[in-house]
J.: 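Here it is, the structure in full.
Throughout, numbering of the chain's residues begins at 1 and tracks the sequence.
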Amino acid sequence: MIKVLIVDDFQIDRDNLVQMLEKSPAFSHVTVTGSCGNGKEALEWLKLCEPDQPDIMITDIEMPLMDGFELVRSVRQLYPQIKIIFSSMYNEFEYAKSALYLGSYGYLLKPIDAGELLLCIRSVTDKIDSDLKARKDYEQLYGQLVEQRPYLIENLITGLMYGTISDADFVSEQLELLELAPELSGSRVVASLIEIDGFAQLTREMSIQAKHLFRMKVLNRVRTLLGTGRHYTAISLNDAHIGVVFFICGVTMPEEGQRQVHRLLNGILLDFAKSDISLSITVSGYSNDLLSIKFLYEQCLYILRYKYLLGGGKVMHTSDIPISREKPRWDYNAIEKELQILLNTGSPDEMTAYVNNLAARLTGNGSPKELRGFFYFLMICLQNVVHANPEAFAGRHSLTSPAAWEDLLALETVSDAVEWIKDRLLLANQCLRDREGHKNRALVSKIKIYVEQHYRSNVTLESLSESLYYSPNYLNHIFKQETGRTILDYVTRFKMEKAKEMLADDRYKLYEIAEQLGYQHTAYFSSLFKKYMGFTPKDFRRQLEL
């Protein structure tokens, strides 16, 4: 059972969320263990319920005493196992960006949609299950250390490459446990990434079993060519990639150790060249710290991006790319996340300012080939957003069509490329905002239907909120944004139009009309009618008789 804590300063939002989680069959695996009105109250609640903590905390952002961001920073320190889902009624880029960088598992726009909430909770549940499985798997492997030692070494190196293992004390313990500390002490580390060229084409007609055997064949061949001993670890990373970490011992000059690695990799390349399998290999710089394996692996990934420019079937060194000896100037992961958020939640001005800021940083930041690669990367980011939102881009396939890619490659200057990519990002942003506008118009339509069906009673923001499961403030905000008037103003005008229809019928007395429209006092009804129509009900009826 997944335990959830709800933190929101609006009682109706908390109640709606509790009802959604406890009443909907889709959330039968979820139980609400607590509900708090602000961050300070939530921290006190968490302290009292130790050690039985919730699995998920769904928190509003804007709250009195302690807002959601401040609350999450404290929870991250005190209860790091709790997964966070943010909610807010504001569809703003900076809010979503802050929530993302705080490690949240979702940013839900109020009113919370049950489907979006379910996806967030599934994501958290998958993560919890994954973490639990990983712990169980590791405990089992630890108990079988003697026979599973080679696998444990690979597991350690894989964790260091992906950054899932980053604690120096833990790494030292593992080296002692695996009897590697004496050998690796003082060794230099070099990483390499091997890609099987044309893997998709080579394995297109293969069964799953045949594809797996093909990968194992390549991996075993690489290991054979590297030779026996503990000077390297070769790991199958995915279908087309093999990671190799070299431990260089017994050399006084780093350059000599790197030359040894390069000779080994060139030998592998030449051997595979005799067959119908082509490889592309990237090599990092070196480090004296095992914890830097992640950075060295990322260096290899970065070099591999230049395969399109440098060509396949060769060994690519860090020296082949001018900036590869340093951390890349562009944080590609951060840019991709920012673009995704900005396209979905940003305004045209924010999008324009962001692209202009990127453009300002282009000057002197790489060769023409590198700059073309950067715009290629931006186009891939746009393509990912388009594919993730097909309903918003119906009829807009030209945004990322093959012809668009051809146009991008044909652009001759950076300024042309900036304006070209900016136009497409703004168009994509407009498509996503149009989709959001459609949702708002549908909500306004529901409000009008509700008023039409219930105008004889006392229609209030609270009654609408209870019926439509949206907060009163949000309903009024959307309605005024779309129609230019408040909900209560619309209700009153609607009633006055109905009053005109009833006044045209002599069978209705004035007090009867007032009662049927939900007004207890005829005088109040008459004053409202005059305010909205410009004359009293009696004057209106006299005009009809003329």
J.: Considering only heavy atoms from C-beta outward, does the side chain of Thr33 approach that of Val4 to under 4.5 Å?
T.: no
J.: Measure across Asn429 and Pro348 and return the closest heavy-atom pair with its distance rounded to 0.1 Å.
T.: OD1-N, 3.8 Å
J.: Assign the ring pair Phe535 / Phe540 to parallel, tilted or perpendicular, where the plane angle (0 to 90°) is split at 30° and 60°.
T.: parallel
J.: Between Asn238 and His241, do the side chains contain an N or O donor and an N or O acceptor separated by less than 3.5 Å?
T.: yes
J.: Take a 6.0 Å sphere around CD of Gln77 and say whether it holds more than 12 heavy atoms from other residues, nucleotides or ligands.
T.: no
J.: Once rounded to the nearest 0.5 Å, what's the spacing between atom CG of Leu426 and atom CG of Asp349?
T.: 9.5 Å
J.: In plain terms, say whether Lys110 and Asp13 are close enough for a salt bridge, that is, a side-chain N and a carboxylate O under 4.0 Å apart.
T.: yes
J.: Indicate yes or no: does Glu298 engage Lys294 in a salt bridge with an N to O separation below 4.0 Å.
T.: yes
J.: Between Ser467 and Leu464, is there a donor-acceptor pair closer than 3.5 Å when you use the side chain of the first and the backbone of the second?
T.: no
J.: For the residue pair Ile335 and Leu378, establish whether any side-chain heavy-atom pair is separated by less than 4.5 Å.
T.: yes
J.: Please check: side-chain N/O of Arg541 versus main-chain N/O of Asp505, any donor-acceptor pairing under 3.5 Å?
T.: yes
J.: Take atom NZ in Lys3; do more than 12 heavy atoms of anything else shown fall under 6.0 Å from it?
T.: yes
J.: Of the non-hydrogen atoms in Thr536 and Phe529, which two are nearest, and what is the gap between them?
T.: C-CD2, 3.8 Å
J.: CD of Glu50: more than 12 outside heavy atoms within 6.0 angstrom?
T.: yes
J.: Between Trp405 and Ile380, is any pair of side-chain heavy atoms under 4.5 Å apart?
T.: yes
J.: Would you please test Cys120 and Leu108 for side chain to side chain contact (heavy atoms under 4.5 Å, CB included) and show each step?
T.: CA-CA 9 Å; Cys120 284; Leu108 299 173; 3.7 Å; yes
J.: Any salt bridge between Glu419 and Lys422, counting N to O under 4.0 Å?
T.: yes
J.: Can you check whether Leu119's main-chain N or O pairs, donor with acceptor, with Ser123's side chain at less than 3.5 Å?
T.: no
J.: If we only count heavy atoms from C-beta on, is the Tyr302 to Thr282 side-chain gap below 4.5 Å?
T.: no
J.: What is the minimum heavy-atom distance between Ala499 and Leu517, and which atoms define it?
T.: CB-CD1, 3.6 Å
J.: Considering all heavy atoms of both residues, which atom of Gln53 and which atom of Leu46 are nearest to each other, and what is their separation?
T.: NE2-O, 3.0 Å
J.: I want to check something: taking the side chain as every heavy atom from C-beta on, are Phe525 and Pro537 in contact at a cut-off of under 4.5 Å?
T.: yes
J.: Check the side chains of Tyr532 and Asp489 for a donor-acceptor pair under 3.5 angstrom, ignoring hydrogens and angles.
T.: yes
J.: Are Met1 and Thr31 side-chain neighbours, meaning at least one heavy-atom pair lies under 4.5 Å?
T.: yes
J.: Look up atom CD1 in Ile513 and atom CD in Glu515, then write down how far apart they are to the nearest 0.5 Å.
T.: 11.0 Å
J.: Walk me through it: do Trp420 and Phe375 pass the test ring-ring contact (aromatic ring centres under 6.0 Å, His included)?
T.: CA-CA 10 Å; Trp420 187 91; Phe375 288 112; 8.9 Å; no
J.: Quick check for you: to the nearest 0.5 Å, what is the distance between Met496 atom CE and Tyr455 atom OH?
T.: 11.5 Å
J.: State whether the side chain of Gln19 and the backbone N or O of Asp15 hold a donor-acceptor pair below 3.5 Å, judged by distance alone.
T.: no
J.: Does Ser24 use its side chain to pair, donor to acceptor, with the backbone of Leu21 at less than 3.5 Å?
T.: no
J.: With Phe479, which of Leu488, Thr486, Val444 fulfils side-chain contact (heavy atoms from CB on, under 4.5 Å)?
T.: Val444
J.: Would you please test Asp539 and Arg542 for side chain to side chain contact (heavy atoms under 4.5 Å, CB included) and show each step?
T.: CA-CA 5 Å; Asp539 291 340; Arg542 289 193 193 101; 2.6 Å; yes
J.: Test side chain to side chain contact (heavy atoms under 4.5 Å, CB included) on Gln516 and Tyr508 and set out the steps.
T.: CA-CA 10 Å; Gln516 290 201 35; Tyr508 289 108; 3.2 Å; yes
J.: Run the ring-centre check on Phe86 versus Tyr107 and record whether the distance is less than 6.0 Å.
T.: no
J.: Evaluate Glu462 against Ile12 for side chain to side chain contact (heavy atoms under 4.5 Å, CB included), listing each step before the verdict.
T.: CA-CA 9 Å; Glu462 287 70 23; Ile12 188 170; over 6 Å; no
J.: Using 0.5 Å steps for rounding, measure from the CG atom of Asp131 to the NZ atom of Lys83.
T.: 5.5 Å
J.: Quick one: is the NZ or CZ of Lys480 closer than 6.0 Å to the six-membered ring centre of Tyr490, and within 45° of its axis?
T.: no
J.: Closer than 3.5 angstrom, by distance alone: can the side chain of Ser465 be matched with the main-chain N or O of Leu461 as a donor-acceptor pair?
T.: no
J.: Are the side chain of Asp55 and the backbone of Ile128 linked by a donor-acceptor contact shorter than 3.5 Å?
T.: no
J.: Donor-acceptor check, side chain of Thr125 to backbone of Ile121, threshold 3.5 angstrom: yes or no?
T.: yes
J.: Taking all atoms of both residues into account, what is the closest heavy-atom pair of Gly68 and Thr59, and its distance?
T.: CA-OG1, 4.0 Å
J.: Apply salt bridge (Lys or Arg N to Asp or Glu O under 4.0 Å) to Glu497 and list each qualifying residue two or more places apart in sequence or on a separate chain.
T.: Lys500
J.: In terms of relative ring orientation, are Phe374 and Phe377 parallel, tilted or perpendicular, with 30° and 60° separating the classes?
T.: tilted
J.: Taking the side chain as every heavy atom from C-beta outward, state whether Trp45 and Pro54 have any atom pair closer than 4.5 Å.
T.: yes
J.: Start with the C-alpha distance between Asp129 and Lys133, add both sets of side-chain angles, then the distance that settles salt bridge (Lys or Arg N to Asp or Glu O under 4.0 Å), and finish with yes or no.
T.: CA-CA 6 Å; Asp129 292 341; Lys133 183 179 183 299; over 6 Å; no
J.: Ion pair present between Arg14 and Asp60, side-chain N to carboxylate O less than 4.0 angstrom?
T.: no
J.: Quick check, are the ring centers of Tyr162 and Tyr297 under 6.0 angstrom apart?
T.: yes
J.: Look only at the side chain of Glu350 and the backbone of Ser347, and say whether a donor-acceptor pair between them is shorter than 3.5 Å.
T.: yes
J.: Could you tell me if the side chain of Glu336 sits less than 4.5 Å from the side chain of Gln340, heavy atoms only?
T.: yes
J.: Does Asp126 form a salt bridge (Lys or Arg N to Asp or Glu O under 4.0 Å) with Arg122? I'd like the steps, not just the answer.
T.: CA-CA 6 Å; Asp126 291 343; Arg122 281 179 177 170; over 6 Å; no
J.: To check you understand the geometry: which heavy-atom pair defines the closest contact between Leu160 and Ile165, and what is its length?
T.: CD2-O, 3.7 Å
J.: Rounded to the nearest 0.5 Å, how far does CD1 of Ile82 lie from CG of Leu78?
T.: 9.0 Å
J.: For the side chain of Asn38 and the backbone of Pro64, is there at least one donor-acceptor N/O pair under 3.5 Å apart?
T.: no
J.: Rounded to the nearest 0.5 Å, what separates atom CE in Met89 from atom CG in Leu475?
T.: 9.5 Å
